[in-house]
Amino acid sequence: MADVSHTRRDVSQQDVSHTRQDLAGHPDVPEMRERYARMLGGRDVALVDGPVFLVGLFCALSPWIIHFTATQPALAVHNLIMGIALVALAVGFAVMPQRMYGLSWAMCAMGVWLIIAPWIVGSGPDKGVIWTNAVIGALTILLGLVCAAAAMKSGRSRRRA
């Protein structure tokens, strides 16, 4: 038997370095870009999900933070329900944005309702309750408009594609 050990190369001695090539000319690049855009699916305002969640959380907890549960029990329950609804919208925006951003106009309506609710739901609200609901409502309107603008923008870009 002949000695062939000098002809075998050890795996650690092999040249395994690969040169990176530019993928711009690859035939699958358009398909990969389209699939990537589909996976993102309307995530233009991913940073808005968190603030919507926080505004909803503050709205739900505001009766206990501002201490109007005893003086305005109906408004306390109202803010709790509206806050939970805003939190649910924020979770929906995060989980399935392409389906939920159509509800951003409803979020604007919720903001308007939050501003006028102390006089309709409450009875003789004080300045703290009015200001709290006004700030929560204004933030809700602002975030709803941002979501609506992003939904309209992503809808236009999908129609072009």
Side-chain angles (χ1 to χ4, degrees), residues 20 22-26 28-161:
R20 292 193 153 227
D22 186 21
L23 287 176
H26 195 278
D28 292 336
V29 167
E31 180 184 345
M32 289 187 293
R33 283 188 182 141
E34 181 183 327
R35 186 172 51 198
Y36 182 71
R38 235 184 7 251
M39 284 175 31
L40 286 179
R43 296 297 299 167
D44 296 337
V45 287
L47 295 177
V48 177
D49 303 343
V52 171
F53 181 83
L54 291 175
V55 167
L57 187 64
F58 181 74
C59 183
L61 298 177
S62 65
W64 293 275
I65 294 172
I66 308 301
H67 302 290
F68 63 87
T69 53
T71 59
Q72 301 284 335
L75 191 60
V77 171
H78 168 270
N79 277 18
L80 176 65
I81 293 169
M82 291 295 286
I84 291 171
L86 284 172
V87 166
L89 277 175
V91 170
F93 289 156
V95 173
M96 47 185 156
Q98 63 276 10
R99 294 182 184 207
M100 293 294 291
Y101 281 131
L103 291 175
S104 52
W105 291 110
M107 202 164 97
C108 294
M110 289 172 69
V112 171
W113 174 251
L114 279 166
I115 292 172
I116 62 174
W119 294 283
I120 297 174
V121 178
S123 56
D126 62 354
K127 287 183 182 180
V129 172
I130 293 170
W131 274 105
T132 300
N133 271 37
V135 169
I136 293 170
L139 287 172
T140 303
I141 292 170
L142 178 69
L143 292 170
L145 289 173
V146 169
C147 291
M152 288 171 45
K153 177 184 163 197
S154 67
R156 268 188 263 127
S157 66
R158 277 190 216 136
R159 275 184 249 134
R160 276 190 226 140

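Positions are given from 1, in the same order as the sequence printed here. What you see below is based on every heavy atom in this structure, not just the backbone, and it leaves out hydrogens, waters and symmetry mates.
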Checklist entry - Is there a side-chain contact (heavy atoms from CB on, under 4.5 Å) between Val129 and Asp126 once you walk through the steps? => result CA-CA 6 Å; Val129 172; Asp126 62 354; 3.0 Å; yes
Checklist entry - Can you tell me how far CD1 of Ile130 sits from CH2 of Trp119, rounded to the nearest 0.5 angstrom? => result 4.5 Å
Checklist entry - Nearest heavy-atom pair of Met107 and Phe93: which atoms, and what distance? => result SD-CE1, 3.8 Å
Ignoring hydrogens and angles, write down the donor-acceptor pairs under 3.5 Å from the side chains of residues 52-69, residues two or more places apart or on other chains.
from  : atom 1 : to    : atom 2 : distance (Å)
Ser62 : OG     : Cys59 : O      : 2.9
Ser62 : OG     : Asn79 : ND2    : 3.1
His67 : ND1    : Trp64 : O      : 3.4

Checklist entry - Are the side chain of Asn133 and the backbone of Leu114 linked by a donor-acceptor contact shorter than 3.5 Å? => result yes
Would you mind writing out the side-chain donor-acceptor pairs for residues 71-78 within the sub-3.5 Å range, not counting sequence neighbours?
from  : atom 1 : to     : atom 2 : distance (Å)
Gln72 : OE1    : Ser123 : N      : 2.9
Gln72 : NE2    : Ser123 : O      : 2.8
His78 : NE2    : Trp113 : NE1    : 2.6

Show me the side-chain donor-acceptor pairs of residues 139-146 shorter than 3.5 Å, one per line, residues at least two apart or across chains.
from   : atom 1 : to     : atom 2 : distance (Å)
Thr140 : OG1    : Ile136 : O      : 2.7

